[in-house]
J.: 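Before I ask anything, here is the structure I am working with.
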Number of protein chains: 2
Amino acid sequence: MTDHQPGPTSPKAQLIAGEVRRRIVEREWQQGERIPDEADLAVTFGAARATVNKALQLLADEGLLDRRRRAGTRVAVNPVRKAVFTIPIIREQVESAGMEYSHRVIAQRRSPVPEAIATRIGLPAGRILIHLRAVHYGNDRAFQFEDRWINPDSAPGLDTVDFRHQNANEWLVRNAPYLRADIAFSAENADRRDARLLRVPKGQALLILHRSTWNDAGPITTVRIACHPGYVMSTAG
Amino acid sequence: MTDHQPGPTSPKAQLIAGEVRRRIVEREWQQGERIPDEADLAVTFGAARATVNKALQLLADEGLLDRRRRAGTRVAVNPVRKAVFTIPIIREQVESAGMEYSHRVIAQRRSPVPEAIATRIGLPAGRILIHLRAVHYGNDRAFQFEDRWINPDSAPGLDTVDFRHQNANEWLVRNAPYLRADIAFSAENADRRDARLLRVPKGQALLILHRSTWNDAGPITTVRIACHPGYVMSTAG
DNA sequence: TATTGCATTATGTCTAAACTTAATTATTCT
DNA sequence: AGAATAATTAAGTTTAGACATAATGCAATA
C-alpha cells in the first residue's frame, strides 16, 4: 500500500495491545472470556494478522491473556504477576548516585568448595575453586559485601587474575559470558562478619542476593551479596 | 514454498538466537564488536530477514546485544542482567507445597492514609482508604503478614466487601485489574507487630515486598508483605 | 462402548517485499 | 573551518500470503 492513514506515532502493535489491555481493564472483555480470534481482530483494527499476533503475544507474555492453539485466546483468570528486575552493576549504581566507587578484596584463595555451595551449582563437593571475598564502597561507605566462588575452568587465564585490581564481577562479565543465571533474594540477620565488613550492628536485617551463572561447560561462579541496610531492589520502570 | 527441508524441531528464530548466543559466548564475536547486519545473517542462516530480526530482538531483550538503527548491532559490553520473577499468589504457593491455606483478618477499617504511603502511590495525604491487615497461613504456620491500603474508588462495590471471607488479593485481581505495578524487595528487622503475627522473635530479618498497583483512574492498592523467615524469592524457571 | 482416525480451527511461524525512521556520512554552502 | 543539508544505511515495522502444529469434536470402526 502506498497510501495510508497519517501514521500513528507509536507502533501499531503497541496501539493494538494497548486497546486490548484497555478492554480487559474496563471489563468489556471479562475474565476467562474468549476474545475474537486474530483474523477478526485484524479486520477490526485494520491491521495484518501478524501485527495482531505480535500484540497478543505481548499481552500473553505479560500474563494478561491465555492463548492456546485451536482453543483460542481468553482473558487470564489469575493474571500472573511478573516483575522484571534489572540487576545493577554495582559500580554503575554507585557512580550514578554521584559517589566514588572503590572496592577492597578481603581474601582471595583457592579452596575446596563446601557442600552447600557445591550442590547449588552442581559440582562435586571438595572441588578446588577460587574463593573471593570483597567489599564494595561508595564514598567510603560500605555498599555490598560479596562472598564469591569462581570455577577456574570457566575461563582461560582466570587462575592468574588478581582481583585486587580488577572487579571480579566486571572481569567475569567481560571474560566469561553466561548462558544461564539463577538469582534469588532473601533476608538474613547480619552475622559477625557481615556486621564488621558493612559496619552495621550484628543482627541488622540485610537483603541477600544469591546469583549463580553457568555456560555450556558448567558452572562459572556463585556469589552471595549482602547489601547495606536500606537497600531496595525495585522494578526499574 | 511447498518443498523444504525436514524441518527443525524448534522454531527457526530460536535456533538462530541460539547460534548467535553461542558465537558470543565462545568469543567468536567479541564484546563491543559489530556483528553482520540482518540482511547478511539472513543469507548465512538461510532465513528471511524478519526471522533474523526476531532472533536478534530476543537477544537484545536479554541484554546480550545493543541495537541501534543505522549504527548496526553490536555485542553488549556490559550485558545487562535482567531477572524475571513470578510473584506467586500466596494461596497457590501454599497449596502447591501440600499445605492447607487459610487467612485471618486482623483489622479492616476506613482510615486516613499516612503521608509516607500517600506519596508512594500519589494521593494527597489524609485521604480515606480501606486499611486492611491480614495474616496468611499454611497448615497453621504463619506465612505472610500483609498490611494493605485500598482505594475504595478503584472498583465498584469495594466498600461493602468483607475481606474476612474473601482474600483481598484475589478479590482485587479479579475485580480491579491494574495497568501498572511497582514491586520492590527489601529487608527489615521484625518489629513488635511483625514478630507477634508471624510468631518469630523481634528483630528477625524478614524479606519485605512492597507492591502498588494503578489503573487509568489512579491508584488501586499498595501493600507491604512481610514474609516468614527463610522465604526465598527466586527466578522461577 | 471405547477407540481410532480425520476434518476443522485458531494460533504459531516463516517468507518476501515494502515502507519508516534514526543515525551516520558526505556534500554543499556560508 | 563550521554549519546546514542531503544521501545513505541498517534497524524497525507492517503486510499478505503460506504452511505447520496442536486441540477439539465428530464420525467411523472394532
Side-chain angles (χ1 to χ4, degrees), chain A residues 1-20 23-24 29 32-77, chain B residues 1-21 23-24 29 32-77 80:
Chain A
M1 274 184 195
T2 40
D3 64 335
H4 65 81
Q5 299 315 91
T9 99
S10 76
K12 211 160 178 176
Q14 297 287 335
L15 294 178
I16 294 174
E19 172 59 16
V20 171
R23 292 191 188 184
I24 293 170
W29 289 338
E33 188 178 312
R34 170 110 179 262
I35 76 172
D37 66 41
E38 293 185 350
D40 288 351
L41 289 176
V43 175
T44 337
F45 292 129
R49 184 168 81 87
T51 308
V52 172
N53 179 278
K54 200 173 179 182
L56 296 188
Q57 295 248 19
L58 239 162
L59 296 176
D61 287 346
E62 280 179 23
L64 217 57
L65 292 177
D66 280 336
R67 326 191 68 208
R68 269 166 53 228
R69 276 182 170 146
R70 159 70 200 187
T73 298
R74 42 189 73 236
V75 180
V77 180
Chain B
M1 261 183 212
T2 41
D3 63 335
H4 64 81
Q5 299 314 93
T9 99
S10 76
K12 211 160 178 176
Q14 297 287 334
L15 294 177
I16 294 174
E19 172 60 16
V20 171
R21 198 184 286 111
R23 292 192 188 183
I24 293 170
W29 289 338
E33 186 178 313
R34 171 109 178 263
I35 75 173
D37 67 41
E38 294 186 349
D40 288 350
L41 290 176
V43 174
T44 335
F45 292 129
R49 185 167 80 89
T51 307
V52 172
N53 179 279
K54 200 174 178 182
L56 296 187
Q57 294 252 17
L58 238 161
L59 297 176
D61 287 345
E62 279 178 25
L64 217 57
L65 293 177
D66 280 336
R67 324 190 69 208
R68 269 166 53 228
R69 277 186 168 141
R70 159 69 201 188
T73 299
R74 41 190 73 237
V75 180
V77 180
V80 177

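Note: hydrogens, waters and symmetry copies are ignored here, and every other heavy atom, side chains too, is used.
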J.: Can you measure Arg74(B) atom CZ to dA10(D) atom C1' for me and round it to whole angstrom units?
T.: 12 Å
J.: Using a cut-off of less than 4.0 Å, is there contact between a side-chain N or O of Thr73(B) and OP1 or OP2 of dA11(D)?
T.: yes
J.: For Arg34(A), what residues pass the side chain to side chain contact (heavy atoms under 4.5 Å, CB included) criterion, not counting sequence neighbours?
T.: Arg74(A)
J.: So Asp40(B) and Phe45(B), do their side chains get closer than 4.5 Å, heavy atoms only?
T.: no
J.: Does the side chain of Leu65(B) reach to within under 4.5 Å of the side chain of Trp29(B), using non-hydrogen atoms?
T.: no
J.: Kindly determine whether Ile35(B) and Leu41(B) satisfy side-chain contact (heavy atoms from CB on, under 4.5 Å), including the steps that lead there.
T.: CA-CA 9 Å; Ile35(B) 75 173; Leu41(B) 290 176; 4.2 Å; yes
J.: Could you work out, with side chain to side chain donor-acceptor pair (under 3.5 Å) as the rule, every residue matching Glu62(A), not counting sequence neighbours?
T.: Arg21(A)
J.: Less than 3.5 Å apart, which donor and acceptor atoms pair up between the side chains of residues 53-60 of chain A and the rest of the protein, not counting sequence neighbours?
T.:
residue: Asn53(A); atom: OD1; partner: Gln57(A); partner atom: NE2; Å: 3.2
residue: Asn53(A); atom: ND2; partner: Glu38(A); partner atom: OE2; Å: 2.8

J.: Which ones in residues 33-40 of chain A lie close to DNA chain C, meaning a heavy atom under 4.0 Å from one of its atoms?
T.: Arg34(A), Asp37(A), Glu38(A)
J.: Atom CZ of Arg49(B) to atom P of dT9(D): distance rounded to whole Å?
T.: 14 Å
J.: The criterion is side chain to side chain donor-acceptor pair (under 3.5 Å); which residues satisfy it with Thr51(A), sequence neighbours excluded?
T.: none
J.: Phe45(B) CZ to dC14(C) P: how many Å, rounded?
T.: 14 Å
J.: Which residues in residues 50-71 of chain B have at least one heavy atom lying under 4.0 Å from any atom of DNA chain C?
T.: Ala50(B), Thr51(B), Arg68(B), Arg69(B), Arg70(B)
J.: Would you tell me if any nitrogen or oxygen in the side chain of Lys12(B) comes within less than 4.0 Å of OP1 or OP2 on dG12(C)?
T.: no
J.: side-chain contact (heavy atoms from CB on, under 4.5 Å), that's the test. Do Leu64(B) and Val75(B) meet it? Break it down for me.
T.: CA-CA 6 Å; Leu64(B) 217 57; Val75(B) 180; 5.8 Å; no
